[in-house]
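The next block holds one structure in the form of structure tokens; read it before the comments.
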Amino acid sequence: MQYWLVKSEPNECSIEDFHRSPGIPIPWDGVRNYQARNFLNQMAQGDAVLLYHSSCQHIGISGILNVTRTAYTDPLQFQPESPYFDAKSKVDKPRWVAVDMVFTQKFSGIVPLARLKSLTALSECYLFTHKRLSVMPLTFQEFTLMEHLGGLPT
DNA sequence: GCCAACGTTGGC
DNA sequence: GCCAACGTTGGC
């Protein structure tokens, strides 16, 4: 079992989108950063993923997802009308991958970024050491701490 | 291989 | 809207 954190602007994809469709896997696609892609490739079925809402009113962790399908070719890279189109990616040698994730838990409230920043136990977290990365691994300790914060009243 | 220019992310 | 961080591109 591995632990991850993924970022998304909630107007693109939020915990609500997953909550609305329990049991229905949703593609996590459009990742266009090599380090993030490499982490997507490492994901295994059943891995636990914290969802982080960025660039919005309530920045922070909104809930938990689980990986249901490991990395596969992201079809958006071949669709010229998609904002995630990549003209340099070839069908016989795709650059980008997607995984599928399913709803697991919506926190009672967003765990705010400021709260996460205040905890020394998270000071070495990828969230702070690799500021602009959108897919990152978490240690078991980091994951369980953030999961616990999500279960507390806000 | 170096590095300046440029573009994007994302908090504030 | 600003700007720091930082990844990518392309000339040399």
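By convention in this document, chain letters (A, B, ...) are assigned in the order of the sequence lines, proteins followed by strands, and residues within each chain are numbered from 1.
- The interatomic distance linking A:His53 (NE2) with B:dG11 (C1') rounds to 16 Å, in whole Å.
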Query raised in the report: If the sugar-phosphate is the primed atoms plus P, OP1 and OP2 and the base is the rest, what is the B/S/- string for nucleotides 1-8 of chain B, using protein heavy atoms under 4.0 Å?
Result: ------BB
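- In this structure, the CG atom of A:Asn11 is 13 Å from the P atom of B:dT9, given to the nearest Å.
- Rounded to a whole Å, the CG atom of A:Leu127 is 16 Å from the P atom of B:dT9.
- Side-chain contact between A:Ile59 and A:His53 is absent, with no heavy atoms from C-beta onward closer than 4.5 Å.
- Panel note: side chain A:Arg69, backbone A:Met101; no donor-acceptor pair is recorded below 3.5 Å.
- Side-chain nitrogen and oxygen atoms of A:Lys7 include at least one within less than 4.0 Å of the OP1 or OP2 phosphate oxygen of B:dG10.
- A close approach under 4.0 Å does occur between a side-chain nitrogen or oxygen of A:Tyr52 and OP1 or OP2 of B:dG11.
- In this structure, CG of A:Leu133 is placed 9 Å from P of B:dG10, rounded to the nearest angstrom.
- Under the 4.0 Å criterion applied to side-chain N and carboxylate O atoms, A:Arg32 and A:Asp86 are not assigned as salt-bridge partners.
- In the set C:dT9, B:dC12, B:dG10, B:dC12 carries the atom at the smallest distance from any side-chain atom of A:Lys117.
- The shortest side-chain heavy-atom distance between A:Gln2 and A:Trp4 falls under the 4.5 Å cut-off.
- The interatomic distance linking A:Tyr34 (OH) with C:dT9 (C1') rounds to 11 Å, in whole Å.
- Atom CZ of residue A:Phe140 and atom CE of residue A:Met1 lie 9.0 Å apart, to the nearest 0.5 angstrom.
- Nucleotide C:dT9 holds its C1' atom 15 Å from the CG atom of A:Asn33, rounded to whole Å.
- Side-chain contact between A:Gln141 and A:Leu145 is absent, with no heavy atoms from C-beta onward closer than 4.5 Å.
- Using a 4.0 Å heavy-atom distance criterion, A:Ser55 is classed as a base contact.
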